[in-house]
Every structure is written in C-alpha cells, then in structure tokens.
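Input: a single structure, listed below in structure tokens.
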Amino acid sequence: MDSEFVTTNFIHEMVANDIKEGGRYYGKRVHTRFPPEPNGYLHIGHAKAICVDFGTAEKFGGLCNLRFDDTNPEKEDEEYVEAIKEDIKWLGFKWDGIYYASDYFPRMYECAKKLIKKGLAYVCDLSPDEIREYRGTLTEAGKNSPYRDRSIEENLDLFERMKNGEFEEGSRVLRAKIDMASPNIVMRDPVIYRILYATHHRTGDEWCIYPMYDFAHPLEDAFEGITHSLCDIGFKNNRPLYDWFIRECGPFDPEPCQTEFARLNLTHTVMSKRLLRILVENNVVSGWDDPRMPTLRGLRRRGYTPKAIRNFIEAVGVSTTLSVVDHALLEHYVREDLNRVAPRGMAVLDPIKLVIDNYEDGLVEEFEAEVNPENPEMGKRKVEFSKVLYIEREDFMIEPVKGYFRLYPGNEVRLKYAYYVKCTSYETDENGNVTVVHATYDPESRGGWLPTRKVKGTIHWVSAHNAVQSEVRLYDKLFLQEDPLDDSDGIDFVDKANPDSLQVVTNAYVEPFLANSEKNAHFQFLRLGYFSTDNDHTPEKPVFNRTVSLKDSWAKKAKSK
RNA sequence: UGGGAUGUAGCCAAGCGGUAAGGCACCAGACUUUGACUCUGGCAGUCGCAAGUUCGAAUCUUGCCAUCCCAGCCA
C-alpha cells in the first residue's frame, strides 16, 4: 500500500498521503459514500459526484456506499430511490452497501441524548422567527437563547417528550450548544432536531422528530466507517460543525473527514433539482426524462452513453474553483464515443425526390455498405437502390453558391455506396419550390467509385421503394444563453427557454433496418448526426431523437457569409 | 462592515522555487466513398494587480482588487 498511485486530482493526492505510513488512515481501508437525498432525479452534476465518490474508492481498492440521506420526510419519496439506483447502475457503478439515514434514527437519537448529557445540547422553545433574530447577522454576533441554560434533566425530559409527540410541530427544537458569537454562522447553536408530523417513506409514523443534515450526516459517515466524506464546496462552512459532532458524539474509528470539491456546472442549462423541477412543472419540458434535460434520464433518452458522460467528467477534472464547463465539451465526448460504436445508416430529414431517368423502371439493386468505417469488425449491410430516391433538400441548389459541391444542374456527385449521378433538370411547384430533381447515372460507377473520374461531393439518399416514414425529433440547446440564470435582462429563466429546442419532423424517410431497431439504439445518420431510437419508438411507428449533430464545417462557412 | 473560499488562454485544467502540460472551442492546411472521422500546424513573452524575498517566482511573503459561498426548524 505504498504511494504507487498516479494521482490525477487533489483528492487522490490527499488520499494517497492518508494511507501512506504516517498518514491519518494508514493501515485502514478507504471508504467513501454517495449520499443522495431521494427527492428528485439525478442529473449530470450528480454524475460527477458519483464518479468522484466511486472512482476514489475504486482507485485505492476501497469501498463506496450508496446511502439515501432521507432525513426530511416532507420532500422524499420511494419513487426517487428506485430511480436513483437505476441511474447509478446505468452509469456503470456498483455500490458496496446500500444504506438509509433513516435506519440510523435510533442511534442518532442516542447521540443527541449523549450531547444533552454532556451539557452540549438543549431544547429551545423559541419560534422559528425568534431563532432567526437571535442568530444575529453576518456581521453581528447572535445572542443566547433564554432556554440555553436549562438543566440536563429538564432537557432530557423535554427531548424525550418531543420524541413522544407531546409538542406541536415548530414549538420546540433541540439545539447544539456551541457559540452564538461565532463568526461562522453555522456554529451559532445550530438546530439538530425538529418536530415534524409527517409520514416518512420508510419509517412511517414511528418518528415525529427528525435530525437536521449537519447533525445527521457526520454520524451517518461515522456509523458506516467512512474515511473520506467528499462533498460540495458549499459545505465548506459546515466542516467545523461536522468535526464538532464527530468529536463530541465519538469516539469513532475511523474518524471520517470531509473534503469539498467544486460541483459541475454547464453552460446553456440549469443544474439543480429545484430549477429542473420548475421546468417540469411549467411544462417547458415534457418531464424529468425530456431529452433536453441534463438529468441522467434525459441524457439517456437523448442518446448519450454512460461512457461519454464518464469520459466527459474525467476530462473536466476535479478542483475547488467555481467553474462552468462549456456544453461543447460534453457534445465532443458523445460524438467521440458514438463515432466508435454507432452503426451508420441513411435517413433523409427534409426529402425531395431524385429520379434517375436512365435507370430501369422497377429494378432494385443491392449494394454493400459498411456498418461503421471506424470499426470494420462491425461488418457490412445491404442497401437497396432504385430509380426513385429521396435526397436532402439541402443537397440540391438551382444556383450553386461559391464552394457548394453537391447537386446542381450539370454537376455530378456520388450517391453514397451506389453510383455517380449527374443532375440534368428539376421541377418546381407554383411557388418555385423544387419538387423533383432529375439525373442520369453512370453504370460504370457501380458501388460509388470510378478511378478515372473523381467527384467532390458525396450525398446520402434513401430509396423510395422501401423507405420507412419516420418521426425525427431534432433537439437543440434548451437555453441559447450561456447562463440562463443571468437575470440582468430582467427575464426569468423559464421564459428564456429556446422555443426551437425541439423541432419535430414527421415526414423523414429512413432505411428499413433503422426502423426495425430496438428502443434506445444508437445510430449515425450519415452526414447528419447521431440519433437514438426513443422510448416511444416501435418498428411500426419509428421515432428517433437527435443526440447531437455531426460537426459541419460547410454550415459554419455558409453561416459566416 | 463578519467568516470562509477562489483567481493560470474564450471554457475546463496541470503546475508543488529551475524558466507555462493537456483537452474543448477557434483558425489554417492535408486526407477523405460522410464538407464527418483522422492527421499536421497555429493559438498565454506570462499566471488578478502591486511591491518584496531569491541567482532564479505562476509557485514563498505582504498589501490590494475581483468573484463566489454562509444569516432554513432544506440538504
């Protein structure tokens, strides 16, 4: 157990030192935990915490618990614990033990009594408003509660009666007796138990007093033998209190220690359960699993892979600086993963007909196509070709702009895998919109290749005789602004949602094998992007979600003009 | 006006007294049966600012500035 670890971030560096000879956990096993509150669905910010918690344990041959921090029955629900478990598994992590804070309620209660007996906790009858007043402000010290000096016996009696349900909700709390003048407000006699007549999703009505986070969390860690309690930087101020409870309720072995790191923030989205809930409740999105949501369920439905998410988090790194990661980095990692694993297929999203005038009526030819050029082991598949095809409206121009090398009158392009075709004419409707493009093919270019004559452009197509009409949902950023919460314009983030973040295409055409796929399958639609079959998808009624587009230097060039 | 943190490129982020890694984004080019992928090259004369210590400072010291967090019977 020497320091043979390549440390990749400051936490790993710290742990490596901790377990070295002379380190504070020398000879002990590294033990971490991921402690979600079951009050909502996990998002990609949680994925970072999961990677850090599980990843640190794994790196040092330690253990990582999954622990539901269910100390507030008013907000929590069993529905979320199942969803959280599922999301963690989907990300590819396995917990070593599964625990619930609520299982520790009896032990926590004993710890509270211990504090009372040590003269370190008291029952306070101040109202919530009064407690706030007595707490002081950021710059002024607080003042002692008039109930601060109750005798140990009275406190023990009152606390037991709180537990027994003799008092009204909000009438009394148990507080730690620390220092009302502390410059750290967290230390000004924090509330550690409150009365709540709410039914808990696991303990039912067994308890009517519930411990507060600051008291419960260090104890949960201590009870489970956690060594490294890794949490958000927001808890930095709470650390002295964490240590206080560990010390006063101990001894514990090992003694857990808390280390904070920066949460993940992403541009063009919001990242908190509270805000995401607002989007759901205002029907800005269709639900927690809407593909535009940064929730794990949303990302999964969008077509993101666990691998892409984990690589992304790995790339972002772990530090203590407040940071906002560019959404483009996340997209880069899905593209990278999907490029390797996604089978290619052809789909036309905005179809116009292409008629090959010199091709035999009714003839259907089969061509061989590679499943994934990045990975030849994925093999080949067949594509059927005929006289009438669909091509992308964007791939034809009556008057080509400079640099355009797709189809236009007189120009020859390659139909991927099939033939060279040369545009001869086109038809328009009364509004001047192109309806049909006519072309002739060169039989010599069978398979899409002619060594004697090269073409610059290659376009994708789908044969009209077997194309399957499909729904394709084109997703874009939920917010166009980098920081939707920047309210300097006076607009609430809910009203800033990008109205074009979902565009539903109902008359797309895809190759038959794409329509016949399972739900949640990943594909690259040639030249368009990565797409994934939706939860709603069936072979009879195919639905694809665009995960991310392909990079498009032509679009970029055209746009900049 | 109290306390706690953080400042390295447009965005992340290494760096731990010996002369600014890497990734994304961006720009240019090569290659290409995807205007994709891949590849090559470019992209911080200076690390928030100012003094100081040192042969030598992004790294140490001091001062200043900026930003973030904390006044739930939420977590």
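By convention in this document, chain letters (A, B, ...) are assigned in the order of the sequence lines, proteins followed by strands, and residues within each chain are numbered from 1.
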* To do: Using a 4.0 Å heavy-atom cut-off across all strands, classify A:Ile192 as base, sugar-phosphate, or nothing.
  => nothing
* What form does the base of B:rG72 take, syn (within 90° of 0) or anti? -> syn
* To do: Verify whether one side chain among A:Lys273 and A:Asn39 offers a donor that lies under 3.5 Å from an acceptor in the other.
  => yes
* Hey, which sits more toward the 5' end of RNA chain B by its nearest nucleotide, A:Thr139 or A:Arg446? => A:Thr139
* If you measure from OG1 on A:Thr56 to CE on A:Met14, what distance do you get to the nearest 0.5 Å? -> 8.0 Å
* Asked: A:Asn237 near the nucleic acid: base, sugar-phosphate alone, or nothing, with a heavy-atom cut-off under 4.0 Å?
  -> base
* To do: May I ask you to check whether A:Glu412 and A:Tyr420 show a side-chain donor-acceptor distance below 3.5 Å?
  => no
* Under 3.5 Å donor-acceptor pair, A:Glu13 side-chain atoms to B:rC16 base atoms -> yes
* Asked: Do A:Glu140 side-chain and B:rU1 base share a donor-acceptor contact under 3.5 Å?
  -> no
* Asked: Does the B:rG35 base have a donor-acceptor partner in the side chain of A:Arg406 within less than 3.5 Å?
  -> yes
* Watson-Crick or G-U wobble mate for B:rC47, both contacts under 3.5 Å -> none
* If you measure only the distance, is there a donor-acceptor pair under 3.5 Å linking the side chains of A:Asn238 and A:Asp214? -> yes
